[in-house]
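Structure first, commentary second.
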Amino acid sequence: LPEEIDLKEIERKSYLSYHQDGLVDVFLGLAAVYIAAVFWFVPDVFFIFTAAIGMWMFFYLGAKKALTVPRLGYVEFSSQRQTKVMLILGYITLLNVISFVLAMYAWLIDSSFFLLIEANGLLVIGVIVASVFAVGGYGTGIQRFYIYGLVTLLAFSAGQIFLIHFALPVLVLGVVMVSVGAILLARFLRKYPKPTGGEELDARFATL
Amino acid sequence: MPDSPPSSQDLPSIPDIDRVIHEPARLTIMAHLYVLSKADFLFLKQQTGLTWGNLSSHLTRLEAAGYVKIEKIFVERKPHTIAHLTEEGREAFLKYRESMKQVID
């Protein structure tokens with residue numbers, strides 16, 4: 001019935017359909033694998049290599065344009081949706097700033113706090129990264145982000161308990177995300193082959 | 001005895017329903033364009049499940065009513081024919097929802 005039109009649900013479905021291609025999982029997962037490799041092979045200069053992670057965003061946007069838009073179409077979401085995404089990015093930025101300030105405080109002022117963080121480093125990082133996934137899942141409605149948050153907590157907790165190298169929990173997270181993303185991408189490409197027939201409609205409004 | 005269907009005498013009590021929007025396919029298109037800022041034909045087709053032909057005719061009707069504006073835009077040098085609601089279309093959709101609520105309530 002028309003009165004039952006759930007606009008929020010329509011918006012949510014449209015947004016989720018745009019992210020069912022698994023590209024965000026593949027690229028975040030590849031970024032995690034890359035970070036793990038940097039920390040494993042060149043840990044002393046990790047900051048130089050992790051700075052290159054920004055390039056991932058360009059690759060992601062390029063893949064979105066090459067794979068998703070030709071199959072699903074072009075869309076611009078409402079300003080409310082864009083605000084939600086900006087709030088998530090704001091949360092991640094705030095988290096970075098707080099982490100940096102706390103790290104500086106621990107390092108320069110309170111050595112006991114520094115030792116506490118150092119002794120539980122993997123757990124601290126795991127909780128921070130998991131919280132980012134939780135906020136991302138809540139803000140975007142992409143449920144599998146909660147699973148990634150859980151995987152993060154489990155992998156980093158295990159790393160803390162068994163005192164394994166930092167790179168390994170990150171690698172586990174990356175492999176899980178890439179695997180899930182690859183399955184979603186394959187499913188997406190099967191479900192949405194490049195369509196034909198829209199040219200007539202485009203031509204009908206070609207004089208605009 | 002089951003309730004008899006409303007007679008034609010009852011009809012004037014129903015507020016004016018916008019017949020352009022009331023058609024289910026056009027209502028679906030309007031609802032999608034109401035919550036999205038802009039969308040091209042392909043995205044609308046995938047979301048609404050309409051055929052190209054149906055989408056074309058309903059968009060033409062909505063455009064003629066002044067509810068939808070269709071224009072070509074270039075996103076990174078690639079052309080996209082996109083549709084979005086006009087201010088008039090937005091108001092008409094809200095009014096339609098209110099009218100339907102009144103009918104049901």
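First the proteins, then the strands, lettered A, B, ... as listed; each starts at 1. Being a predicted model, the structure only gives us computed values, none of them experimental. Computed from heavy atoms alone, side chains included, the values below leave out hydrogens, waters and symmetry copies.
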Considering heavy atoms only, which positions within residues 71-88 of chain A lie below 4.5 Å of chain B?
A:R71, A:L72, A:G73, A:Y74, A:V75, A:E76, A:F77, A:S78
Residues which pass salt bridge (charged side-chain N to carboxylate O under 4.0 Å, His left out) with B:E23, listed by chain and number, not counting sequence neighbours:
none
Checking heavy atoms, do the side chain of B:L33, its backbone, both or neither come under 4.5 Å from chain A?
neither
With only heavy atoms counted, which part of B:I82 is less than 4.5 Å from chain A, the side chain, the backbone, both or neither?
side chain
Within residues 133-144 of chain A, the residues sitting under 4.5 Å from chain B by heavy atom, in sequence order, are none
What parts of residues 7-21 of chain A touch chain B if we use heavy atoms and a cut-off under 4.5 Å?
A:L7, A:I10, A:E11, A:K13, A:S14, A:S17, A:Y18
If you count every heavy atom of other residues, nucleotides or ligands that lies below 6.0 Å from A:M57 atom CE, does the total exceed 12?
no
